[in-house]
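Taking it in order: structure first as structure tokens, then the write-up.
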Amino acid sequence: MTEAPVLGIETSCDETAAAVVQGGGILSNVIFSQTEHSLYGGVVPELASRNHVRKIVPVVQESLDSAGCGLADLGGIAVTRGPGLVGCLLVGVSFAKGLVMTSGLPLFGVHHIEGHLFAGRLEDPGLIPPFMALVTSGGHTQLLYVRDWGQYEVWGDTRDDAAGEAFDKVAKMLDILEEGETTMGGPRISALAEEGNPEAFAFPRGLMNTPGYEFSFSGVKTSVLYHLKGCTGAQIASQKPDIAASFQAAVVDVLVHKTISAAKAAKTSRVLLTGGVAANKRLRKQMASSGRDHGISVTFPSPRLCTDNAAMIASAGAYHLARGERSGLDLNAVPRMELPGLVLKNTP
Ligand code: KG4
Ligand code: ZN
């Protein structure tokens, strides 16, 4: 089947992204990451939305140019409608609606988490539901049982911090972020951990042995904080790689244990690992190895598709548009938004 290309637009946080996908293939994938937020220690919503306004035109133009498409070649436009920062989402949604008004193309508003799920389909077109998905990023840590595309069961969520948030906060405590970085804690910790001993410190594995599939990462973060408070400057300097490795091991152990247990309970032999933290090398390795031990195959998108991007939004949008689903010009940004197609909301 030849499908027309779909343009995806993602502006839910501090990345301005646009991509074109066609029939499961990526024709272009452009991401502009904002950096000035580091001056303030975190993403400043107002600054982020102003940057989106500045970057949306060149980023969308570049994605069309490198895909070799004009608006007339497209079959539709997909845009992230939520969840996220409302001012940021509004830039993408308004821009997409403007394009739709001038081109007459069909529009579909995508849920950001559903986008992360479709990153798995872009990576492996053979990823066919049902499967268990761990969506782990800076804002979310969820175990979702994908009954079918568009039909989701929430098995577990985090009670407090998301896993990526814990990586970012611990990186800040260890003072290993470089200038211009706010959400690079994961990659920085992962790199430092390569030189450290993951068994040097026994940081807590929150809720690991509690029945159910909920997560909690504030305990491990606080435990690192108290450990640092008890050290001299010289001790901290020499222990940093061990602390990074031990913290990472604690988070990864919990994510792997809960995900594989959930897959077994759901009697599925497939797991998808997606979202920014899914780019973590130790997590990918340990999930694949534990999966092998239990006869479960694990799919993880390439790192560029794990972190926020618009190709995943275009892929989810293409799926819904192909089914004749459409958003109207009354499409609005929804900062707190439940996943559409939820068929079960409580942990079994
Ligand atoms: O999916 P994403 O780009 O944005 C959200 O939707 O939140 O995820 C960003 C998060 C950040 O917290 C970042 O530290 C984390 O993903 N991350 C990683 C790695 N790469 C990105 N965490 C651990 N290891 C990594 N290699
Ligand atoms: Zn995300």
Is [Y] reachable from [X] through a run of hydrophobic residues whose side-chain heavy atoms are each under 4.5 Å from the next?
X	Y	answer
Met173	Val277	yes
Ile31	Ile26	no
Val254	Met132	yes
Met337	Phe118	no
Val100	Val91	yes

Nearest heavy-atom neighbours spanning [X] and [Y]:
X	Y	answer
Leu305	Ala311	CD2-CB, 4.1 Å
Val93	Val79	N-CG2, 3.8 Å
Asp242	Ala200	CB-CB, 3.6 Å
Ser223	Phe203	OG-CD2, 3.5 Å
Ala19	Ser28	CB-O, 3.1 Å
Pro129	Leu127	CD-O, 4.0 Å

Okay, side chain of [X], backbone of [Y]: is any donor-acceptor separation there less than 3.5 Å?
X	Y	answer
Ser246	Phe201	yes
Asn280	Leu283	yes
Lys221	Val170	no
Glu62	Val30	no
Gln34	Ala48	yes
Ser238	Gln235	yes
Asn29	Leu27	no
Asp168	Gly185	yes
Lys258	Gly212	yes
Thr11	Ile56	no

Heavy-atom side-chain proximity of [X] to [Y] below 4.5 angstrom:
X	Y	value
Glu153	Leu342	no
Gln248	Ser190	yes
Asp161	Lys169	yes
Leu228	Gln239	no
Pro83	Val334	no
Thr141	Val135	no
Pro301	Leu272	yes
Thr274	Thr136	no

**Message:** Apply side chain to side chain contact (heavy atoms under 4.5 Å, CB included) to residues Leu85 and Cys13 and explain how you reach the verdict.
**Reply:** CA-CA 6 Å; Leu85 299 168; Cys13 190; 4.3 Å; yes
Report task. Please report the C-alpha distance between Arg159 and Leu207 in whole Å, then the side-chain angles of each, then the deciding distance to 0.1 Å, and finally whether the side chain to side chain contact (heavy atoms under 4.5 Å, CB included) criterion is met. Result -> CA-CA 10 Å; Arg159 286 189 187 171; Leu207 301 180; 3.8 Å; yes
Run the numbers on Phe131 and Trp149 for ring pair (Phe, Tyr, Trp, His ring centres under 6.0 Å), then give the verdict. CA-CA 10 Å; Phe131 57 86; Trp149 295 114; 5.6 Å; yes
Charged N-O contact under 4.0 Å between [X] and [Y]:
X	Y	value
Lys281	Glu194	yes
Glu178	Arg188	yes
Arg270	Asp124	yes

Practice prompt. Verify the distance criterion only: is there a donor paired with an acceptor across the side chains of Glu338 and His111 at less than 3.5 Å?
Written response: no
For the residue pair Ser12 / Glu10, report whether a side-chain donor-acceptor contact shorter than 3.5 Å exists. yes
To the closest 0.5 Å, what do you measure between [atom1] ([X]) and [atom2] ([Y])?
X	Y	atom1	atom2	value
Glu214	Asp160	CD	CG	9.5 Å
Phe95	Ile9	CZ	CD1	6.0 Å
Leu255	Leu273	CG	CG	8.0 Å
Leu107	Leu7	CG	CG	10.5 Å
Ser315	His116	OG	NE2	13.0 Å
His112	Thr80	NE2	OG1	6.5 Å

In Thr259, Val154, Val271, the residue satisfying side-chain contact (heavy atoms from CB on, under 4.5 Å) with Leu143 is Thr259
As a quick check of understanding, evaluate side chain to side chain contact (heavy atoms under 4.5 Å, CB included) for Val220 and Arg205, giving each step before the final call.
CA-CA 7 Å; Val220 63; Arg205 270 82 174 145; over 6 Å; no
- Task: Might you confirm whether atom CZ of Arg326 has over 12 heavy atoms from other residues, nucleotides or ligands at distances under 6.0 Å?
- Result: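 Check passes, neighbour count above 12.
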CZ of Arg284: more than 12 outside heavy atoms within 6.0 angstrom?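 Counting other residues, nucleotides and ligands, CZ of Arg284 exceeds 12 neighbours.
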Review point. Between Leu192 and Ile243, does a side chain to side chain contact (heavy atoms under 4.5 Å, CB included) hold up when you go through it step by step?
Key: CA-CA 9 Å; Leu192 190 58; Ile243 296 172; over 6 Å; no
For Val6, the other hydrophobic cluster members (4.5 Å side-chain criterion, sorted by chain and number) are Phe108, Val110, Met312, Ile313, Leu321
Is there a side-chain hydrogen bond (donor to acceptor under 3.5 Å, both in side chains) between Asp253 and Gln286? Walk through the geometry before answering.
CA-CA 8 Å; Asp253 280 357; Gln286 210 165 300; 2.8 Å; yes
Report task. For the pair Phe167 and Phe247, name the ring-plane relationship: parallel under 30°, tilted 30 to 60°, perpendicular over 60°. Result -> perpendicular
Q | Candidate pair Tyr145 and Tyr152, rule ring pair (Phe, Tyr, Trp, His ring centres under 6.0 Å), full reasoning | A | CA-CA 6 Å; Tyr145 179 63; Tyr152 310 115; over 10 Å; no
- For His52 and Thr16, what are the C-alpha separation, side-chain angles and deciding distance, and is it a side-chain hydrogen bond (donor to acceptor under 3.5 Å, both in side chains)? CA-CA 6 Å; His52 286 307; Thr16 317; 2.9 Å; yes
